[in-house]
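This one's a predicted model, so the numbers in the text were calculated from it and none came from an experiment.
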Amino acid sequence: MIKNWLNKPYYFNPTLRYKLSVCVGFGFFIFLFVFIFEPFRMNNLKNDRFYYSLGYGFITFAVLIFTTVIAPFIFPKLFDNDKWILKKHLYYLLITVAFISCFNWYYNSIVQKGGELGILSFPRMIIYTLIIGFFPIIIYLFIDEKLSRSKRLKITKNLNNKINKRTKKNVQINVINIESDETKESISIDVNSIVYITSEKNYASFFIVNEKGNNLKEIVIRITLTSVLNQLNAYKNIVRCHKSYIINTNYIQSYSGNARGYSIKTNKTDFNIPVSRSFNKEKLESLISF
């Protein structure tokens with residue numbers, strides 16, 4: 001049960017504005033906390049308490065700038081939003097706190113060498129940093145998830161209203177051949193009958209409406225989704241919405257969203273199709289404009 005919880009998707013907000021606000025917010029919180037509550041034996045400090053506290057706030061800000069802004073830019077695959085899960089986010093937070101602890105200890109050892117407070121040991125500095133950082137991290141996780149959920153629910157409500165107002169289009173039979181990547185195998189299929197396509201390894205499963213239009217039929221062929229999309233690139237209503245899914249936008253019935261991400265409900269399936277977390281409001285809206 002815990003394993004499933006840790007493997008749940010977690011939304012890592014990629015916008016620079018959000019990341020900078022988190023960096024400034026945490027830095028300011030740490031500065032205020034240190035200045036007001038005087039940890040690190042600061043009750044013995046007579047002078048320069050403000051600047052000493054400001055140093056800890058700046059360290060927190062600088063480390064967060066590196067871990068939230070610079071590191072994702074240098075290692076984009078490591079911070080792939082579609083692969084970001086709660087377990088990875090907790091590791092990320094622990095590593096960030098460890099970096100802050102190291103710089104806090106170094107800062108304390110440089111500033112207080114021969115000073116009034118004395119140099120704190122490295123293990124004690126880690127413990128202090130973890131204790132101080134625990135509460136803002138918990139508050140951050142709670143607020144972040146609540147805001148993400150509220151924002152997505154609002155967006156999906158507006159999008160669903162637009163879907164309900166969408167006029168139905170008359171579609172004509174349009175049969176094309178989909179050719180396999182590695183074999184001579186091919187399938188003939190009506191593009192407009194495709195509801196969605198999913199993949200596992202090098203095989204793609206086409207789910208199409210049957211002749212009566214009330215059930216889905218599955219056709220499997222050895223081909224990647226990238227190759228499928230290349231062969232269907234002339235059809236704007238065929239869109240890759242996730243690393244493992246291609247969807248026919250004509251069958252979109254509604255959107256749903258929570259703090260983890262968005263999903264699509266079609267009028268032919270009894271489950272929701274996931275949407276890549278790189279899809280913003282504009283991309284989602286474009287899916288229902290075809």
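No side-chain heavy atom of Val239 sits under 4.5 Å from any side-chain heavy atom of Asn248. With a 4.5 Å cut-off on side-chain heavy atoms, Thr266 and Ile252 do not count as touching. With contacts defined as side-chain heavy-atom distances shorter than 4.5 Å, the pair Tyr251/Ile247 does not qualify. Contact annotation: the side chain of Tyr56 never approaches that of Phe31 to less than 4.5 Å [non-hydrogen atoms, C-beta and beyond]. For the pair Ile208/Leu216, no side-chain contact is recorded, criterion being any heavy-atom separation below 4.5 Å from C-beta on. Contact annotation: the side chain of Phe206 approaches that of Val228 to within less than 4.5 Å [non-hydrogen atoms, C-beta and beyond]. Here the side chains of Glu185 and Glu179 are not in contact, with every heavy-atom distance at 4.5 Å or above. Here the side chains of Gln253 and Ile163 are not in contact, with every heavy-atom distance at 4.5 Å or above.
The shortest non-hydrogen separation linking Ile194 to Ile197 is CG2-CG1, 3.7 Å. Scanning all heavy atoms of the two residues, the minimum distance from Arg277 to Trp84 falls at NH1-O, 2.9 Å. Leu153 and Gly257 get closest at one heavy-atom pair: CD2-O, 3.2 Å.
Taking CG of Asn7 as the start and CD1 of Ile85 as the end, the distance is 4.5 Å to the nearest 0.5 Å. Going from atom CG of Asn104 over to atom OG of Ser109 covers 10.5 Å, rounded to the nearest 0.5 Å. Considering NZ of Lys283 and OG of Ser276, their distance stands at 7.0 Å, rounded to 0.5 Å. To the nearest 0.5 Å, atoms OG1 (Thr249) and CG (Leu287) are separated by 6.5 Å. Atom CD1 of Ile273 is separated from atom CD1 of Ile264 by 6.5 Å, given to the nearest 0.5 angstrom. Rounded to the nearest 0.5 Å, atoms SG (Cys23) and CZ (Phe28) are 15.5 Å apart.
The hydrophobic cluster containing Ile143 also includes Ile139, Phe142, Leu147, under a criterion of side-chain heavy atoms closer than 4.5 Å among ILVMFWY residues, counted directly or through chains of members.
Remark: Leu94 pairs with no residue by the side-chain contact (heavy atoms from CB on, under 4.5 Å) rule, at least two apart or across chains. A search for side-chain contact (heavy atoms from CB on, under 4.5 Å) contacts involving Ser256 returns Ser263, Asn272, not counting sequence neighbours. With sequence neighbours left out, Phe26 forms a ring-ring contact (aromatic ring centres under 6.0 Å, His included) with Tyr140. Listed by chain and number, the residues in a ring-ring contact (aromatic ring centres under 6.0 Å, His included) with Phe29 amount to none (sequence neighbours excluded). For Ser101, the side-chain contact (heavy atoms from CB on, under 4.5 Å) criterion is met by Val97, Ile126, Thr129, not counting sequence neighbours. In this structure Leu86 satisfies the side-chain contact (heavy atoms from CB on, under 4.5 Å) test together with Trp5, Tyr10, Leu90, sequence neighbours excluded. Qualifying side-chain hydrogen bond (donor to acceptor under 3.5 Å, both in side chains) partners for His242, counting only residues two or more places apart in sequence or in other chains: none. Thr226 is linked by a side-chain hydrogen bond (donor to acceptor under 3.5 Å, both in side chains) to Arg240, counting only residues two or more places apart in sequence or in another chain. Listed by chain and number, the residues in a salt bridge (Lys or Arg N to Asp or Glu O under 4.0 Å) with Arg222 are Glu182 (sequence neighbours excluded).
Annotation: Tyr107 is not in aromatic contact with Phe103 [ring centroid separation under 6.0 Å not met]. Ring to ring, Tyr262 and Tyr255 are not that close: their centroids are 6.0 angstrom or more apart.
Shown here is Lys88, whose NZ atom has more than 12 heavy atoms of other residues, nucleotides or ligands within 6.0 Å. Within 6.0 Å of CZ in Phe58 there are 12 or fewer heavy atoms belonging to other residues, nucleotides or ligands. Heavy-atom neighbours of Lys281 NZ from other residues, nucleotides or ligands within 6.0 Å: at or below the threshold of 12. Within 6.0 Å of CZ in Phe79 there are more than 12 heavy atoms belonging to other residues, nucleotides or ligands. More than 12 heavy atoms of other residues, nucleotides or ligands sit less than 6.0 Å from atom CD of Glu218.
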Handout entry: Criterion side chain to side chain contact (heavy atoms under 4.5 Å, CB included) on Leu232 and Ile178, from CA distance to verdict
Key = CA-CA 9 Å; Leu232 295 174; Ile178 303 292; 3.9 Å; yes
Practice task
Go through Val209 and Val195 one step at a time and tell me if the side chain to side chain contact (heavy atoms under 4.5 Å, CB included) criterion holds.
Solution key: CA-CA 7 Å; Val209 291; Val195 178; 3.7 Å; yes
Practice task
Evaluate side chain to side chain contact (heavy atoms under 4.5 Å, CB included) for Lys268 paired with Phe207, printing each intermediate quantity in order.
Solution key: CA-CA 10 Å; Lys268 299 296 181 181; Phe207 289 86; over 6 Å; no
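With hydrophobic clusters built from ILVMFWY side chains whose heavy atoms lie under 4.5 angstrom apart, Phe135 does not share a cluster with Ile30. Linking Ile, Leu, Val, Met, Phe, Trp and Tyr residues whenever their side-chain heavy atoms come within less than 4.5 Å places Ile95 and Leu78 in a single cluster. Criterion: ILVMFWY side-chain heavy atoms under 4.5 Å apart, direct or through other members. Under it, Phe35 and Leu32 are part of a common hydrophobic cluster. In the hydrophobic clustering of this structure, Ile127 does not group with Leu93; members are Ile, Leu, Val, Met, Phe, Trp, Tyr whose side-chain heavy atoms approach within less than 4.5 Å, directly or through other members. Residues Phe134 and Val22 do not share a hydrophobic cluster, clusters being chains of Ile/Leu/Val/Met/Phe/Trp/Tyr side chains in contact below 4.5 Å.
Exactly one of Leu225, Thr198, Val275 qualifies for a side chain to side chain contact (heavy atoms under 4.5 Å, CB included) with Tyr245. That residue is Thr198.
At a cut-off of 3.5 Å, with distance as the only test, a side-chain donor of Tyr52 or Asn108 sits close to an acceptor on the other residue. No donor-acceptor contact under 3.5 angstrom links the side chains of Thr224 and Ser227, judged on distance only. Using a 3.5 Å distance cut-off with no hydrogens or angles, the side chains of Ser188 and Asn177 do pair a donor with an acceptor. Using a 3.5 Å distance cut-off with no hydrogens or angles, the side chains of Asn192 and Asn174 do not pair a donor with an acceptor.
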Show me the donor-acceptor pairs, under 3.5 Å and distance only, between side chains in residues 64-76 and residues at least two apart or in other chains.
residue : atom : partner : partner atom : Å
Thr67   : OG1  : Val63   : O            : 3.2
Thr67   : OG1  : Leu64   : O            : 3.4
Thr68   : OG1  : Leu64   : O            : 2.5

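Listed by first and then second residue, the side chain to side chain donor-acceptor pair (under 3.5 Å) pairs involving residues 16-30 are Tyr18-Asp144 (not counting sequence neighbours).
A donor-acceptor contact shorter than 3.5 Å links the side chain of Thr156 to the backbone of Arg152.
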